[in-house]
Amino acid sequence: MDRDPYERLVDGAAVDEDRFPVSGGSAWIDEEAAGNELKFAKYQPHRIIISQHRDGTVRFQDISAQIRLKTESAPLERNIPSPLPALTIDPLFALSDPSLLTHFPPEFSAQVKVRSVVLAPESLECYIILRLGEVLVYRFGPGNSDIQAPPMTLPDAELVSLRHISAPLQQKFHPYLLVAAKKGPVVACAPSDIGFFAVSYISGLLLIVDLRGPKIIYRSDKDPSTKRKSAFHRHSQELESFTTLTWTVCRMASDPMPRVRLLAIPASGRTRVFSLNRASSGSWAVDFMPNPPEAPSEPIFSAFIDAYSGARFKADRYGLSRALDPSTEDAIAGKGHSYWIVAGAKGIRCSFDLDGHKIGKADWGSKIGKVECCEIVERNGSQAFVAFTDGHEALIYSLPALEHLHTLQLPQQSNLPVSPDASGDFLHHATHPSAASLISRTTYATLFDIRRAYYHIKPEVDVLTRSDTGKRGVIPPQPQPVSMGPPSIKDVVGGWLGAIGAGLGGKPVMTGEQIDALLAGPNRPLPKPAPAPAPKSPPSTDRASVRTSNTMSSRRSRGTSRSPSPDASQEGSSTTGLYDRLTSAISERGEALGDLEEQFKSLEEGSKGMIAQAKRLATQQTAKSWFGL
């Protein structure tokens, strides 16, 4: 695309309100690694990919080389390819409007499938061709959501105005016109950048529509010149559909005035030339060329180039100015004349001024295979004709002599035809293994791998610099590993309290009440109260009495009649007291050991709960400091 329509198209179209807000990191291309190749990227033409999807939507993506022209001071701001969500078109949204129920049944929306999409590169009008034969015309511009106009009835039954239907919110393409001829599927659709477009159907019907009305200015089923009197040609002429439609502004050998012309070529090659003339009232009328030239059978390509400069003769603003004011045509020899290049399934032809003398010719043999598409490629001010075959070859011919120059072997991606442009770049699509109607991979390739180093250079990436503010972020401390072993209470409590204090920016010191609330809380297990000690019993004298009686008995048996001395009585009393004290001490020790055991069990249970809670809190605090929350 040219720069002016490209800037209009992408201005604000890359803003996606539903995109996940990610601003981390920045990327750019190193100027030293790219060298001078980066400077030449700005001279590349802008490129837009238009794709159709299974949900019926038509989406746009920007693959221009200019979006990679970013340095460290101005890093990349968009993805590559860059989606343009504001340009998305949903035909079901317009066809579901209640005002169209009189034209289509309610179940029609379930049968809507997009067959192809054509974009006028200068006027930015998008034509969506459905598989059932309907054509939707969308115009680019500001929304009309504030206009509550009633549906407009057009004079032609095949045309339905859609200007009363508002586009979805924040969408830049708005419904304008619906062509519902109901004559079968569409064979070819050719838009122009000056307000005209043509569409042909498989039934043989050809319509030329003027968008200024909109109105139909020509239809082949009401043209008396198409009816043959001879029965020999009747069926072949009436049932033949036009497979190639080409708009141009050019001269003819039989008509030296530059005019807006449409070339309609059927499969037989019998070309019809329609000239559009503007009347003094401002309306446009269609004239016919009496003796049209012949084209190769089964045409696949048709174009006009300037015989002086090699530039394309298109139906654009410059061409319309030439047609409306022929006096501006330069009288220098060679200027204003054109070459007509037309290619078919068996060869290619080049003629001077459409119906003039033949300049070049080239035939394609059976060894070449089937030619799927063609394009006129421009490089350094020179043009060449390129034909792409199903054998993954590119045949290069000179212009206008059509001499074969070279054959390029292209990498084999799939059996689908390529999509080339005038710069020599092309897209090659590969289908999904399980579904032939789905595209799983798209390859962007070129015939000239010259000054394209910026496509192969990996960008420099800085994950610390934010792309929205340009400021460099700070890496938070990484989370420390948590020990799986049974640490001591001192290590867990000390390390945990120290981390809490350091994380809060204060001193790692807490009061006893805070420690008690953090470690245990209101649900902490309380130690059981110790039982009251049993009262001490008076010293028993049973054993002493028994012992004394035994002693007395033994003494009597030995014939001793001496009574016990005071020292012996004191010794027995002291021994009895020592025994009692030892018994009491042992009982107190058992009770103390029991109380200590209970306290150890309570401490063990509390420490287990404290360790689990400390680990959980430490992990939460570390995660919060790592993610900056």
Please determine whether a side-chain nitrogen of the Lys or Arg among [X] and [Y] lies less than 4.0 Å from a carboxylate oxygen of the Asp or Glu.
| X | Y | result |
| --- | --- | --- |
| Asp55 | Arg59 | yes |
| Glu240 | Arg270 | yes |
| Glu122 | Arg312 | no |
| Arg261 | Asp255 | yes |
| Glu158 | Arg219 | yes |
| Asp425 | Arg47 | yes |

Residue pair Ser423, Asp421: steps toward the side-chain hydrogen bond (donor to acceptor under 3.5 Å, both in side chains) verdict
CA-CA 6 Å; Ser423 66; Asp421 63 6; 2.9 Å; yes
Can you give me the closest heavy-atom contact between Thr431 and Ser440, atom names plus distance?
O-OG, 3.2 Å
Can you give me the closest heavy-atom contact between Ala394 and Val386, atom names plus distance?
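Between these two residues, the closest heavy atoms are CB-CG1, 4.0 Å.
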Answer yes or no: is there a side-chain heavy-atom contact under 4.5 Å between [X] and [Y]?
| X | Y | answer |
| --- | --- | --- |
| Tyr127 | Val117 | no |
| Asn277 | Arg259 | yes |
| Gln66 | Gln44 | yes |
| Thr271 | Glu294 | no |
| Pro168 | Asp90 | no |

Look at atom [atom1] of [X] and say whether more than 12 heavy atoms of other residues, nucleotides or ligands are closer to it than 6.0 Å.
| X | atom1 | result |
| --- | --- | --- |
| Asp287 | CG | yes |
| Arg212 | CZ | yes |
| Asp2 | CG | no |

Does Arg322 use its side chain to pair, donor to acceptor, with the backbone of Val249 at less than 3.5 Å?
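Yes: the side chain of Arg322 pairs with the backbone of Val249.
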Backbone N or O of His337 within a donor-acceptor pair of the Asp353 side chain at under 3.5 Å?
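Not confirmed, Asp353 side chain does not pair with His337 backbone.
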Think Arg8 forms a cation-pi with Phe140, using NZ or CZ under 6.0 Å from the six-ring centre and within 45 degrees of its axis?
no
Whether Phe196 and Trp284 hold their rings parallel, tilted or perpendicular, with breakpoints at 30° and 60°:
perpendicular
Once the angle between the rings of Trp364 and Phe385 is folded into 0 to 90°, is it parallel (under 30°), tilted (30 to 60°) or perpendicular (over 60°)?
parallel
Drop me the distance from Leu416's CG to Ile439's CD1, to the nearest 0.5 angstrom.
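Reported value, rounded in 0.5 Å steps: 5.0 Å.
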For the side chain to side chain contact (heavy atoms under 4.5 Å, CB included) test, which of Leu162, Leu211, Ile165 pairs with Tyr176?
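Only match with Tyr176 under side chain to side chain contact (heavy atoms under 4.5 Å, CB included): Leu211.
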If we check side chain to side chain contact (heavy atoms under 4.5 Å, CB included) with Trp247, which of these qualifies: Ile194, Leu263, Leu276?
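Result: among Ile194, Leu263, Leu276, Leu276 is the only option passing the side chain to side chain contact (heavy atoms under 4.5 Å, CB included) with Trp247.
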Quick check: Tyr339 with Tyr308 (ring centres under 6.0 Å apart)?
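No, the ring centres sit 6.0 Å or more apart.
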